Number of protein chains: 2
Amino acid sequence: MPARPKTSDAEIIDATRALLEAQGRDGFSMAEIADAVGVRTPSLFSRFASRAALLDRVELALWAALRRELEAAATPSRLIKKPLEGLSAQGRAYRAFAKANPNGYALMFDPRASQTAEGAAVRGAALAPCLPGFVALVGEDKALAAARVLTPFLHGFVSMELSQAFRLGGGIDAAFETGLDAILSGLLTWRRSP
Amino acid sequence: MPARPKTSDAEIIDATRALLEAQGRDGFSMAEIADAVGVRTPSLFSRFASRAALLDRVELALWAALRRELEAAATPSRLIKKPLEGLSAQGRAYRAFAKANPNGYALMFDPRASQTAEGAAVRGAALAPCLPGFVALVGEDKALAAARVLTPFLHGFVSMELSQAFRLGGGIDAAFETGLDAILSGLLTWRRSP
DNA sequence: ACCTGAACACCGTTCAAGT
DNA sequence: ACCTGAACACCGTTCAAGT
């Protein structure tokens, strides 16, 4: 006779994500997660092999959430018609997501994440909503190369911002807009040149 | 009568840095550090307030090491005469440093670092060796803004590379060179325009 | 001033037993 | 199948005592 489930994988992942954001990656214990979902600590291990495995699932949930934000920021048709505007909007949405989930964002780029095939797929799919914009901006053959200029800038900027690396003052919002514009207009010149 | 010191702060920091690189941020214990320097675990706490404080010191040592690499990659006079070449060389040195110290590099941008005044100073000084290049490239008034385009790209690129974010194949070395060139030549157009 | 052994509280994880 | 209490090994940290 099975014991009645008191919680679910999804509820545990949500509770962990909330604790992560509130307390930081090592600011909470399995016991606190268990408390949050009304269960005793060992029960978590019948659903997740380890704390690390649970954090991996949280990370995938965050990548999926980022994907949704990017989709909401610009539709494919807008990206095709006005790639500069569309990609700028997605860039701002990307930064907003990182600033709204700083501890989660750090987890998403933590090199300790286990490299499962499913994980790689979810991570890879997260930036897919931007691809039509790159294709429209520089053409199909250069879209990947263009993505590998803009996305490192986006990640690097927000990562540095979150780790307080911009200490020389000056408007950080303005610096972000300047950088975004500079890179996008630079990519625009790729249309013709090799 | 003082007990003879068996080790030193510097030796402990070096041993911790080695363990960090070999085993990852939470792959080693205070006991292993103590073993490595020939001391018992509690002795470490008479020198460093906590594991976190010791990791902070390791982080500062890494920033200082990065600074030395950047200084070695291009002299101020070369940066002034040939800013494109000089900054490219520093960009490559930056990436090489990150790839040679992947776990250390992750620590340098870990948002958990304590924000001491000394720490901020050391971190801030690390990229100073690049400044003459930015001044030569775009002029004094735009140097900071230019740095806030290139350095996020550098950090973002190597951070994504280290967390295996470039899964769509294609030469990653070539992508780095392409991005570096695109951004530097884009910045070059700032010389005249506002 | 720096070292040590002993102790403490906490934590991730396992396991046998319950339903 | 999922839950639980009890137990285990390990870890960061404290402390009183040694020199």
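Labels below follow one simple rule: chain letters A, B, ... track the order of the sequence lines, proteins then strands, and each chain is numbered from 1. Only a predicted model underlies this, so the values are computations on that prediction, with no experimental measurement involved.
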Legend entry - Value in whole Å for how far the P atom of C:dT13 lies from CG of B:Asp26: 11 Å
Legend entry - Distance, rounded to the nearest Å, where A:Leu55 contributes CG and C:dG12 contributes C1': 12 Å
Inset, instruction - Keeping the roles fixed (side chain from A:Gln115, backbone from B:Gln164), state whether a donor-acceptor pair exists under 3.5 Å. - result: no
Inset, instruction - Compute both the distance and the angle, then confirm whether B:Arg51 meets the cation-pi test with B:Phe28: under 6.0 Å from the six-membered ring centre, within 45 degrees of the axis. - result: yes
Legend entry - Whole angstrom value for the distance that separates P of D:dC10 from CE of B:Met30: 18 Å
Inset, instruction - Please list, by residue number, the residues of residues 35-45 of chain A whose heavy atoms come closer than 4.0 Å to an atom of DNA chain C; answer none if no residue qualifies. - result: A:Thr41, A:Pro42, A:Phe45
Legend entry - Lys/Arg cation over aromatic B:Phe48: B:Arg57, 6.0 Å, 45° cone: no
Inset, instruction - Work out which heavy atom in B:Thr7 is nearest to a heavy atom in B:Arg47; give both atom names and the distance. - result: O-NH2, 3.0 Å
Inset, instruction - List for me each residue that meets side-chain hydrogen bond (donor to acceptor under 3.5 Å, both in side chains) alongside A:Ser29, sequence neighbours excluded, and say none if there are none. - result: none
Inset, instruction - Mark yes or no: B:Arg67 above the aromatic ring of B:Phe97, with NZ or CZ under 6.0 Å from the six-membered ring centre and no more than 45 degrees from the axis. - result: no
Legend entry - Short side-chain N/O contact from A:Arg4 to OP1 or OP2 of D:dC2, under 4.0 Å: no
Inset, instruction - Would you indicate what B:Thr7 reaches in the nucleic acid, counting non-hydrogen atoms under 4.0 angstrom: base, sugar-phosphate, or nothing? - result: sugar-phosphate
Inset, instruction - Could you summarise the pairing of DNA chain C as dot-bracket text, marking Watson-Crick and G-U pairs under 3.5 Å with ( ) or [ ] inside the strand and | across strands? - result: ||.|||||...|||||.||
Legend entry - Whole-Å distance separating the CZ atom of B:Arg51 from the P atom of D:dC10: 17 Å
Inset, instruction - Indicate whether OP1 or OP2 belonging to C:dC3 is found under 4.0 Å from a side-chain N or O atom of B:Arg47. - result: yes
Legend entry - Separation between CG of B:Leu87 and NZ of B:Lys82, rounded to the nearest 0.5 Å: 14.0 Å
Inset, instruction - Find the distance B:Glu32:CD to D:dC10:C1' and express it as a whole number of Å. - result: 11 Å
Inset, instruction - Please state whether the rings of A:Phe109 and A:His155 are parallel, tilted or perpendicular, taking 30° and 60° as the class boundaries. - result: parallel
Legend entry - Rounded distance (Å) that lies between atom C1' of C:dC3 and atom CG of B:Asp9: 14 Å
